[in-house]
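Small disclaimer: the values here were computed from a predicted structure and weren't measured.
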Amino acid sequence: MMNGKNTCCKRSGISIFLFVTAIVVALAGIALLVNNILFYKDNVDYYVSQGQYALASKQLMMQLLFPGIFEPIGIIGIGCVLFGLSALTKKVSACFGMVVGEEMEEEDMTDEEMTDEEMTDEEMTNETTTDEMPVEEAPDKEAATEEKSEAEKE
């Protein structure tokens with residue numbers, strides 16, 4: 001029987017790669033979000049100091065703020081999807097490891113331990129055909145030589 005502790009805690013290489021990539025992408029998205037908000041704030045301050053408050057509030061919001069917020073949120077979402085894929089590959093590889101472990105355990109079983117229910121149809125037909133066939137015994141060499149010697153004596 002497979003040890004549940006090993007299959008549960010063991011991570012495959014692709015799962016680790018996806019996990020690390022998810023963290024890097026999410027951190028890049030957060031950094032980009034902070035950078036875009038600070039860039040928008042600096043531009044608004046500049047246009048307000050120039051006396052163009054109407055331009056700052058309407059046009060900069062549509063040109064800088066909305067794309068500067070939604071693009072990093074999309075990148076963070078991609079990081080979350082990668083994290084979910086990492087968790088999914090971990091669970092799939094654990095399930096696959098259990099299935100492969102069970103198959104290996106079944107191969108280790110000996111013929112005496114197998115019951116009729118576990119035997120395949122082919123094994124059952126092989127078993128019945130060998131039981132039904134009579135076994136012909138080879139003539140005993142000693143008996144044949146004794147018969148020859150008796151025949152020669154007569």
hydrophobic_cluster_shared for [Y] and [X], side chain cutoff 4.5 Å:
X: Y40; Y: F66; result: yes
X: V34; Y: F39; result: no
X: F70; Y: I37; result: yes
X: F96; Y: L85; result: no
X: L64; Y: V48; result: yes

How many angstroms lie between atom [atom1] of [X] and atom [atom2] of [Y], to the nearest 0.5 angstrom?
X: L27; Y: I76; atom1: CG; atom2: CD1; result: 9.5 Å
X: K58; Y: Q52; atom1: NZ; atom2: CD; result: 14.0 Å
X: L38; Y: N43; atom1: CG; atom2: CG; result: 11.5 Å
X: F17; Y: T89; atom1: CZ; atom2: OG1; result: 11.5 Å
X: K90; Y: I16; atom1: NZ; atom2: CD1; result: 10.0 Å
X: F83; Y: F19; atom1: CZ; atom2: CZ; result: 5.0 Å

With V25, the side chain to side chain contact (heavy atoms under 4.5 Å, CB included) member among V20, V81, L82: L82
Closest non-hydrogen atom pair, G68 against L33: O-CD1, 3.9 Å
Heavy-atom check, side chain of [X] versus side chain of [Y], under 4.5 Å:
X: L32; Y: I75; result: yes
X: I30; Y: P72; result: no
X: Y47; Y: Q59; result: no
X: L60; Y: L65; result: no

Donor-acceptor contact present, side-chain S86 to main-chain L18, <3.5 Å: no
